[in-house]
Each structure stands twice: as structure tokens, then as C-alpha cells.
Amino acid sequence: MRAGTFSGLTSGLAPGYLQGNLIVVPQAAADEFEEFCGANPQSLPILERGSPGDPMLGCGGEFDVRTDLPKYRIWRDGHPAEVVRDMYDSWSCDSTAFVLGCWFANEDALARAGIRMRHIELGIQGSLFRTNIPSRSVGRFSSHVVASMRPFAKGDVKRVAEISRALPKAHGAPIHIGDPGCIGIGNLGVPDFGEPIPPLQGETPMFWACGLTGQDAVAASGIPLFVTHEPGHMAVTDIPVEPET
């Protein structure tokens, strides 16, 4: 990624290791954002908080947060402004990076359990939706929970839930299973982020809290400039996936 030879989705990469959402905020907002993450740990499990102005993180060895993701999204005045391959031009002595757990870490465990994942077969990220579930507000940060949806065969639902529940750094157990209308989602074919992957006959939609909850909260906070990963283009860390029992 640093060399610019890989720019695609990170789903399915580095099996056995955690992937992470990236959010870079000004130092003045960092403590409050960390508190917001702590109040919403299922959506925003913190893998690492960087030091102001220091682009090097420990979660990926010698991980340079400015270059070591495939793509970045630059936000200005609460709106996505551009997608870039590095964030040199947006990094400053004030920048504070957060890496937050990502659902992709479940994939290796599910594959080893023999569970079919159609988003992997299709080479896509999958669907993400804004729900009607409110997050816990902290100061300037407030949002509704964003949920990732992936369909699984009805016979696999219980096992999928058990496997993900043991991985709290990757969002843990599903927040909802079944009827999307119960959490304010009207049409599974029209996601707010990602690609549509409606359930086939015999499949059940399953929903997990997603780190894009933090993105929505920062976008609504009034912070004039911040940076995130481009959806599906995550920080691939060196942190092993270690299921809790």
C-alpha cells in the first residue's frame, strides 16, 4: 500500500489479524472523541490512539498512517471532499489518529468454520446502513449507529453469531438479526455505504455495529477538516485476532 501497488478493498487480506477503521481528528477534539468511542465500544473499539502530529503507529509495526492504507477520504465542513492515495497534504502537527476495530477480522474465523460468505465470493465489501439506533452522545459527538449487513444461510446464523461474539475488537455480536425495518432500514438493495448484497432465498440478514458510526459523528460535529479511510479500504494491523471465551 505504501508503495502504491495495492489500492483495492482489504476484505479477505491478512487472515488472522485485525483490520481497522481510521479517523484522524484535530488534537483539540481527540480526548472528547476517545470518550465518545468509550461510550460506544461495540461500534468504536479502539485499537490504537496516536500521538498528536506523530504519523507512526504501533498497531502495524512501523505503520505510517499517512501512506499505509489503500485509500483515504478527506472531509471538509462535514462532507466528503476527495479520495486520495496518501494524506501527506492533510497531515499536520495537530493531527491525531485513531484506529478502530473492523468486522473484517471475523472473516478468517468464519472461513475456518466452513461458513459461506458471499461478499468474499463477489469481491465486495458488502452493505452498510444508517439505523434508527442512537449512539451515546459525548459533547459535540452524536450520531445514530451505522450497521454493516451480511447475509448468511439460515442454518449458519447461530454459529456466525457465536463466532463474532467472541471478537469484541471486531464489533462483537450482531446488534440485529432478521427484519431490517426493526432498525429503521427500508430497503436492503439501497445501502448508505458499500455495495448491495440482498439476501437470497434461504438466507438471513445479520447486522453488526460499524466504525462508520464515528465517521458520521465527526462529520456532524462541526470539525472543519478530518480524514478517514475510504470505506472498505482499511488499516491492516499486526494485531492477532484473539477470540475471547
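Along the sequence shown, the residues carry numbers beginning at 1.
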Evaluation steps, side-chain contact (heavy atoms from CB on, under 4.5 Å), between Asp238 and Cys59: CA-CA 6 Å; Asp238 285 350; Cys59 64; over 6 Å; no
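- Taking 4.0 Å as the cut-off between side-chain N and carboxylate O, Arg2 and Asp68 count as a salt-bridged pair.
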Could you give me the CA-CA distance, side-chain angles and deciding distance for Thr10 and Gln19, then say whether side chain to side chain donor-acceptor pair (under 3.5 Å) is met? CA-CA 8 Å; Thr10 58; Gln19 296 194 30; 2.6 Å; yes
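- Between Val84 and Ile74 the shortest side-chain heavy-atom distance falls below 4.5 Å.
- Looking at Tyr88 and Thr67, their side chains come closer than 4.5 Å, going by heavy atoms from C-beta outward.
- Here the shortest heavy-atom pairing between Ser43 and Thr213 reads OG-OG1, 3.7 Å.
- In this structure, Asn106 and Phe104 have side chains that are not in contact, with every pair of non-hydrogen atoms separated by 4.5 Å or more.
- A donor-acceptor pair under 3.5 Å is formed between the side chain of Arg85 and the backbone N or O of Gly4.
- Residue Val218 is grouped with residue Ile46 when hydrophobic side chains (ILVMFWY) are merged at heavy-atom distances under 4.5 angstrom, including chains of intermediate members.
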side-chain contact (heavy atoms from CB on, under 4.5 Å) between Asp86 and Trp91, worked out: CA-CA 10 Å; Asp86 66 64; Trp91 188 264; over 6 Å; no
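- Distance alone, capped at 3.5 Å, places no donor-acceptor pair between the Glu230 side chain and the Arg73 backbone.
- A 4.5 Å side-chain heavy-atom check between Thr228 and Trp75 finds at least one atom pair inside the cut-off.
- A donor-acceptor contact shorter than 3.5 Å links the side chain of His229 to the backbone of Leu22.
- Enclosure of atom CD in Glu121 by more than 12 non-hydrogen atoms of other residues, nucleotides or ligands within 6.0 angstrom is indicated.
- Here CG of Leu167 is found 8.5 Å from CG of Leu110. Values are rounded to the nearest 0.5 Å.
- Contact between Ala97 and Val65 at its shortest, heavy atoms only, is CB-CG2, 4.1 Å.
- Arg150 forms no cation-pi arrangement with Trp208, by the criterion of a distance under 6.0 Å to the ring centre and an angle within 45° of the ring axis.
- Between Glu162 and Arg165, no side-chain nitrogen of the basic residue sits less than 4.0 Å from a carboxylate oxygen of the acidic one, so the salt-bridge criterion is not met.
- With salt bridges taken as basic N to acidic carboxylate O contacts below 4.0 Å, none links Lys154 and Glu203.
- Ser127 places a side-chain N or O within donor-acceptor distance of the main-chain N or O of Glu195, the cut-off being under 3.5 Å.
- Here the side chain of Glu48 pairs no donor or acceptor atom with the backbone of Leu57 at under 3.5 angstrom.
- At least one donor-acceptor pair closer than 3.5 Å links the side chain of Asn40 to the backbone N or O of Arg136.
- Looking at every heavy atom in both residues, Ser90 comes nearest to Val227 through CB-CG2, 3.9 Å.
- At distances below 3.5 Å, not a single donor-acceptor pair connects side-chain atoms of Asn21 with backbone N or O atoms of Met234.
- Remark: Gln42 CD to Cys210 SG distance equals 12.0 Å, nearest 0.5 Å.
- Of the inter-residue distances, the one linking Glu107 atom CD with Ser164 atom OG reads 12.5 Å to the nearest 0.5 angstrom.
- Atom CZ of Phe226 and atom CZ of Phe98 lie 13.5 Å apart (nearest 0.5 Å).
- A salt bridge links Asp216 with Arg130: at least one charged nitrogen is closer than 4.0 Å to a carboxylate oxygen.
- A salt bridge between Arg76 and Glu82 is present, with a side-chain N of the basic residue lying under 4.0 Å from a carboxylate O of the acidic one.
- No donor-acceptor pair under 3.5 Å is formed between the side chain of Thr131 and the backbone N or O of Ala147.
- Both Leu188 and Ile183 belong to a single network of hydrophobic side chains, linked directly or stepwise wherever heavy atoms of I, L, V, M, F, W or Y lie under 4.5 Å apart.
- Looking at heavy atoms from C-beta onward, Pro199 lies out of side-chain contact with Thr204 at the 4.5 angstrom threshold.
- Using a 4.0 Å cut-off between charged nitrogen and carboxylate oxygen, Arg49 and Asp31 count as a salt-bridge pair.
- The environment of Phe193 atom CZ is dense: over 12 non-hydrogen atoms of other residues, nucleotides or ligands sit within 6.0 angstrom.
- Across Asp64 and Tyr72, no two heavy atoms sit closer than the pair O-OH, 4.4 Å.
- Closest approach of Pro151 and Arg118 over heavy atoms only: CG-NH2, 3.6 Å.
- Among all heavy-atom pairs drawn from Cys102 and Ala170, the shortest one is O-CB, 3.3 Å.
- For the pair Ser7/Lys71, a side-chain contact is recorded, criterion being any heavy-atom separation below 4.5 Å from C-beta on.
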Verify side-chain contact (heavy atoms from CB on, under 4.5 Å) between Tyr17 and Ile239, making sure each step is shown before the conclusion. CA-CA 5 Å; Tyr17 292 88; Ile239 303 172; 5.8 Å; no
Going through the distances and angles, do Met206 and Val160 end up as a side-chain contact (heavy atoms from CB on, under 4.5 Å)? CA-CA 9 Å; Met206 301 181 70; Val160 171; 3.8 Å; yes
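- Rounding to the nearest 0.5 Å gives a distance of 6.5 Å between OG1 of Thr237 and CG of Leu47.
- There is a path of hydrophobic side-chain contacts, each under 4.5 Å, that joins Phe129 to Ile197.
- Looking only at distances, a side-chain donor or acceptor of His176 sits under 3.5 Å from a matching main-chain atom of Asp179.
- A donor atom on one side chain and an acceptor atom on the other are not found under 3.5 Å apart for Gln125 and His233.
- Taking the side chain as every heavy atom from C-beta outward, Thr96 and Ser51 never approach each other to under 4.5 Å.
- Criterion: ILVMFWY side-chain heavy atoms under 4.5 Å apart, direct or through other members. Under it, Leu13 and Leu18 are not part of a common hydrophobic cluster.
- Tracing side-chain contacts under 4.5 Å through hydrophobic residues (I, L, V, M, F, W, Y), one reaches Met87 starting from Val99; they form part of the same cluster.
- The aromatic rings of Phe36 and Phe141 sit tilted relative to each other, their planes meeting at an angle between 30° and 60°.
- For the pair Asp156 (side chain) and Ala153 (backbone), a donor-acceptor distance under 3.5 Å is absent.
- Rounded to the nearest 0.5 Å, atoms CD1 (Ile223) and CD (Glu32) are 8.0 Å apart.
- Within the 4.5 Å cutoff, side-chain heavy atoms of Leu69 are placed close to those of Phe63.
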